Every structure is written in structure tokens, then in C-alpha cells.
Amino acid sequence: RFREVKRQKVQQLVGMTAALVEREVEAWERQGMKPEALRERTRELVRALRYGSDGKDYFWIHDRQLTMVMHPYVPTLDGKDLSGNRDPRGKYLFREMVQVVEERQEGFVEYLWQYKDRADRIVPKISYVKGLSRWGWILGSGVYLEDVRSEVWIISRHILILFVILLLASALVTWLVTRRIMRPLGALLGHTRELARGGGDLTVAIHSDSRDEVGELSRNFSSFLATLRDMVGLTREHAEANRALAARMGEKIGDNAAAS
């Protein structure tokens, strides 16, 4: 998928550059520039064009008679016959480029070529070529498969780093949420266990500022303890009153028995 994106990019760049060349040549013609000067001006215009992250991707021009018009990184090819030029695999790359242009006016060609300005490094390349309307010239530019693999690795590494960061953030959030939930739940469990055993401090209040279900449960449990505490208090008061009443009744019974 990423390789296809790079192919589309170089195709668009060649198309835009071809349109730029055509427009500039027409403008220079209107200014009265002579044919040889037009060709030289066009060569220098394309020679200076660069793109890419390192500013080293380039365009070249050769013609349909298989003569190199201009190559910015291999100037020794300028003016040379390319008909016998083959890549290390034996492909006649410039012949194929001319064939593509003659059949379809533009298209892709794959071959081996030096890596940008490094003549000692030969790598796979996919180029897009397009025929110009003047002088039988063909404009071309390409993308290196090593650059595609390198960019895929860089993107994959960034995605992996982002995934690890998101995973750590998710784990931290989970830990904080679990801690926020488990602490009050642990307190509730401890109090209910003590109450079930017949003990426990009914004066303890469980405080929670959270507005979630755990907070509501904590507040309801505190209200339950307060109600239970009040009930126990009333029961004690009734028991005290009953004991006092029983004591008074006992005293009266004793007095009556003594009087008889």
C-alpha cells in the first residue's frame, strides 16, 4: 500500500514538472528566445529541481533517439548514446522507457540504478517517464525501494512506540480506577464482616467524595450504620426503662408483703 502511494507521488511530480516545463518554454518563446537557448534553459531548469526529505530526489531528460539530454547526478552521460545502457540485471532500461512513451505517452519502468548521488550504491528503483511535446524529449523521475522500506520501518516504529505509550497509559488508568474502587469496597467489606460477627463499631462513618456507584454505596452504608446506631440506642433506652420499672415494682411488692 505504501509503495503504491510512493508510485502515485512520483507520477504526480513528473506530471506537474512536465506541465511547468511546457508553460515556461511557451513563455520564453513569446519573449523571442532562440531554439538552442530554449533547450539549454529547459535543461538547466530541470537540472535544478529537487524534492524529497533530504532534497536529493531529482528529474532527468533523455530523448526518443536514446540520447541523454541531462542527468544531474551523472553528467558524464549527458549527450551520450543510451541504446546499449543496461542495469546489472541486463535490462535495457532506456529502451524500455522510450517504448513506454511511444505506446502510452507515459508510464512506470522498474530497474536497478545508483542511489541518488552515490555511484557506488546500486539499488532497485521505480521510475515514471512522460513524453514532452517538444524536441522528442522524455522527462523522468523515480522512487527507490530502499526509501520505501525505510519509511515503512520508521512509520512502524512510531506506531509501536505510540502503542506502548497507550498501553502504559491504559494500565495506569486501570490501576487508578481499580484503586479508587477497591479501597472503599475493602472498607465496606471489613465493616460488614465485623457486624456479621456481632462486633464492629457503629459510630464509624465511611467517607467518600466520589459520585459513582461506589461512592453512593459508601454513603448508603454510612446512613445504614447511623440508623442502626439510633435503633440500638432506642433499644438501650427501653431496656433501661424496663429495668427501672421492674425495680420499682419489686420494691412495692416487698413493701406490701411487709405490711401484711
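In this chain, residues are counted from 1 in sequence order. The structure displayed is predicted, hence computed values, not measured ones.
Sorted by first and then second residue, the salt bridge (charged side-chain N to carboxylate O under 4.0 Å, His left out) pairs with a member in residues 11-31 read Glu29-Arg134; sequence neighbours excluded.
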Fill in: side chain to side chain contact (heavy atoms under 4.5 Å, CB included) between Asp57 and Tyr144, intermediate numbers included
CA-CA 9 Å; Asp57 291 303; Tyr144 296 92; 4.2 Å; yes

Item to complete: Using the side chain to side chain contact (heavy atoms under 4.5 Å, CB included) rule, take Val98 and His62 through it: C-alpha gap first, then chi angles, then the decisive distance, then the call.
Response: CA-CA 9 Å; Val98 171; His62 65 275; 4.2 Å; yes

Worksheet item: side-chain hydrogen bond (donor to acceptor under 3.5 Å, both in side chains) between Tyr73 and Gln114: does it pass, once the steps are laid out?
Response: CA-CA 9 Å; Tyr73 287 148; Gln114 74 172 49; over 6 Å; no

Discussion item. The test is salt bridge (Lys or Arg N to Asp or Glu O under 4.0 Å); show your working for Lys91 and Glu96 and say whether it passes.
Written reply: CA-CA 8 Å; Lys91 173 181 281 190; Glu96 186 169 330; 3.7 Å; yes

Practice prompt. May I have the step-by-step check of side chain to side chain contact (heavy atoms under 4.5 Å, CB included) for Val101 and Arg64, ending in yes or no?
Written response: CA-CA 9 Å; Val101 170; Arg64 300 191 186 208; 3.5 Å; yes

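Residues Glu110 and Lys125 fail the side-chain proximity criterion, which asks for heavy atoms closer than 4.5 Å. Taking 4.5 Å as the limit, some side-chain heavy atom of Val46 sits within range of a side-chain heavy atom of Leu139. Taking 4.5 Å as the limit, some side-chain heavy atom of Val25 sits within range of a side-chain heavy atom of Thr42. Side-chain contact between Trp135 and Asp63: absent, with no pair of heavy atoms (C-beta onward) separated by less than 4.5 Å.
Here the straight-line distance linking atom CZ of Arg95 with atom CZ of Arg86 works out to 8.5 Å at 0.5 Å rounding. The distance from atom CZ of Arg43 to atom CE of Met70, rounded to the nearest 0.5 Å, is 9.0 Å. Annotation: the span from Asp87 atom CG to Phe94 atom CZ amounts to 10.0 Å, rounded to 0.5 Å. Taken from CG in Leu38 to CG in Leu45, the straight-line distance is 12.0 Å, to the nearest 0.5 Å. A distance of 6.5 Å separates CG in Leu77 from CG in Asn85, rounded to the nearest 0.5 Å. Rounding to the nearest 0.5 Å gives a distance of 9.5 Å between OG1 of Thr76 and CE of Met68.
A donor-acceptor pair is defined here as one N or O able to donate and one able to accept, closer than 3.5 Å; such a pair exists between the side chain of Gln105 and the backbone of Gly131. Side chain of Arg121 to main chain of Tyr115: no donor-acceptor pair is present (N/O by atom type, distance under 3.5 Å, no hydrogens or angles).
Note on Val10 and Leu112: separate hydrophobic clusters, where clusters join Ile, Leu, Val, Met, Phe, Trp and Tyr whose side-chain heavy atoms are under 4.5 Å apart, directly or indirectly. Under the 4.5 Å side-chain heavy-atom criterion for Ile, Leu, Val, Met, Phe, Trp and Tyr, Val123 and Trp113 are members of the same hydrophobic cluster. The cluster map of Ile, Leu, Val, Met, Phe, Trp and Tyr, joined by side-chain heavy atoms under 4.5 Å apart, puts Ile138 and Val74 in the same cluster. In terms of hydrophobic clustering, with Ile, Leu, Val, Met, Phe, Trp and Tyr side chains grouped at heavy-atom distances under 4.5 Å, Tyr92 and Trp60 are assigned to different clusters.
With no hydrogens or angles considered, a side-chain donor-acceptor pair links Ser127 and Tyr111 at under 3.5 Å. Between the side chains of Gln99 and Glu103, at least one donor N or O sits under 3.5 Å from an acceptor N or O.
Minimum interatomic distance between Gly140 and Val14 (heavy atoms only, all atoms of both residues): C-CG2, 4.3 Å.
Taking the ring centroids of Tyr51 and Phe59, they lie under the 6.0 Å cut-off.
Cation-pi geometry between Arg50 and Tyr58 is not met at under 6.0 angstrom from the ring centre and within 45 degrees of the axis.
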